[in-house]
Amino acid sequence: MLLSLACNGATLYEGARLITGDGSAPIEDAAFIVSDGKFTQVGNRGALSLPADIQRVNLAGKTVIPGLIDTHTHIGYDRYSYIDSDWTRNDPTGRGFFNFGAHNFTRDNILDHLSRLAYAGIVATWSAGYEFGEVPHQIRDEVLAGQHPNAARYYSAGPGITTKQAIVPYLARQSAFGVSSEAEARAAVQRLASWNVKQIKMWPHYNPTMPMNVSLALIDEAKKYDLRVGFHPVNQSDSEAYIRAGADIYLHPIYPIDSDLVKERRPFSALTSSGYRMAFFAPYLHSPDPLLADMISPFHLKKLQGKFPSTNSEERIQSKAQWDAQVSTIRDLRANGVRFALGSDAGGAGRDKPVGWSAHVDMENMVAAGFTPNEVITAATQTSAQSLRLDDLGGIAPGKEAAFVVLDANPLDDITNTRKISQVFIRGKAIDRDGLKANWRKSWGSE
Ligand SMILES: [Zn+2]
């Protein structure tokens, strides 16, 4: 039996296969010690020096991986207690559930999403824009202070920065700062810095694209505050100009990038493929994966089953062609040194990419794009932590936070085994997965 221990004494976890997140071979029959919410020793069973009165937890037969980090989500909009009548409430100018209006971005929703991430083994996320006001930053600080023990850490880009024309009330970027001059771009960055945002989001966007001098002023201002800049690419040459100016994170790997520039700057990226690959590949919907079935209502699941894979063969063929093109771009970007992290683009207002679950889909897609399972786990832990500059997460090593996932099966055999979650630990304590699941079932009337 697994125990979660409330006391501050040291605990020895022994017997598991341990994947540390740094790409090395797994440690079979491993042992690690957790004390005061941190890893203090990690190694082979029998090789650690044990403090007196240590508590022991036997993890024989399990595999332990570091807590996962989803570097690209859109938290706070989707509701997972959907009922039939909600589904038709999609008035783009009104109070519908499926739009980016402020009425959908609530504290309760944000906290629910953070607990969904944690349930799925994700211990931190960066939400890439769409946030309203100061609530997200308050919740970020509350989670860091330990006030929400079942929640993943929540970092966000705040509202994001885009052009005035790219703000479409209720539908897109409603909360964003719309800028058309260098002064406005700098002022928006300063506002974000005042909220202690560490990484910002730039949507240069289409028709018209943000003037290059405005984009470059934005990046320049961000660098003054030591903020990382994630940008939505709109074409190759502009993307290259942003990276040359110091932008750090290439949010969707759509375009090839000059290989010398990539080799020099080594930007981060993520696949964010969990949504569109579903149009032709979604076996987990039709023999529902147990983790997914835990997290969305039977009604919601039925809606997704009806939609994916697309019944429109044209759309399926197109999606497959887009995916294949993307895979070849990803291979080139990787070969040149782009640092791929885990990013699902989950959430938003579309209900197709459930928060928490979608990260596991992206990990499966990474294998389909040529990563080995161990490379995927490194991307989803060590590289993702580096991308968000979270030095105390992203691995199982002395000094790091004891944020880890206990799996019932080995993800090196099959990456979809990351879904077979036995327990999730944050700060050395098991989160209450049974309680979360029971509440969700109640919310959709299953119990
Ligand atoms: Zn996104």
Side-chain angles (χ1 to χ4, degrees), residues 68-78 98-101 104-105 109-110 113-114 116-117 122 124-132 136 152 154-163 166-168 170-178 192 197-206 210 228-235 238-239 242 247-255 267-279 319 322-323 326 329-330 338 340-363 365-366 379-380 384 387-388:
L68 303 166
I69 298 169
D70 190 339
T71 67
H72 188 143
T73 55
H74 295 283
I75 293 295
Y77 287 93
D78 268 346
F98 305 122
N99 66 46
F100 283 108
N104 281 324
F105 187 72
N109 246 0
I110 294 167
H113 292 189
L114 298 178
R116 288 168 178 281
L117 288 164
I122 294 143
T125 195
W126 180 64
S127 190
Y130 288 108
E131 270 82 356
F132 282 92
Y154 174 39
Y155 300 94
S156 93
I161 305 175
T162 189
T163 61
I167 297 172
V168 186
Y170 297 102
L171 290 183
R173 297 167 287 276
Q174 180 174 347
S175 64
F177 293 113
L192 292 167
V197 163
K198 296 294 184 204
Q199 180 169 310
I200 65 172
K201 166 78 173 275
M202 175 169 87
W203 282 288
H205 267 57
Y206 312 91
M210 189 181 287
R228 281 210 166 141
V229 178
F231 68 91
H232 181 113
V234 293
N235 61 48
D238 286 6
S239 300
Y242 306 147
D248 310 276
I249 299 148
Y250 191 39
L251 285 172
H252 304 271
I254 300 169
Y255 305 102
F268 290 95
S269 191
L271 263 66
T272 57
S273 60
S274 62
Y276 63 77
R277 194 171 181 242
M278 264 194 293
S319 300
Q322 282 170 355
W323 166 255
Q326 182 127 129
T329 305
I330 289 162
V338 167
F340 275 90
L342 170 66
S344 66
D345 211 11
R351 71 234 184 241
D352 292 347
K353 295 171 284 181
V355 168
W357 161 258
S358 296
H360 293 272
V361 176
D362 246 89
M363 288 192 281
N365 292 348
M366 288 177 96
S384 292
S387 169
L388 298 183

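Each ligand, and each atom within it, is numbered from 1 in the order the structure gives. Just so it is clear, the model here is predicted, and its values are computed rather than measured.
- Using the six-membered ring where Trp is involved, Trp126 and His72 have ring planes that are perpendicular, over 60° apart on the 30 and 60° scheme.
- The shortest non-hydrogen separation linking Thr162 to Ala176 is CG2-CB, 3.8 Å.
- The minimum distance between the Zn ion (ligand 1) and any N, O or S atom of Asp345 involves atom OD1.
- The Zn ion (ligand 1) does not have His232 among its coordinating residues (no N/O/S atom, backbone or side chain, under 2.8 Å).
- At a threshold of 2.8 Å, the Zn ion (ligand 1) has a backbone or side-chain N, O or S atom of His72 nearer than that distance.
- Closest approach between the Zn ion (ligand 1) and any N/O/S atom of His74 involves NE2.
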Exercise for review: Quick one: do Thr125 and Val355 satisfy side chain to side chain contact (heavy atoms under 4.5 Å, CB included)? Show the steps, please.
Suggested key: CA-CA 10 Å; Thr125 195; Val355 168; over 6 Å; no

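- When ring centroids are compared, Tyr250 and Phe268 stay outside the 6.0 Å threshold.
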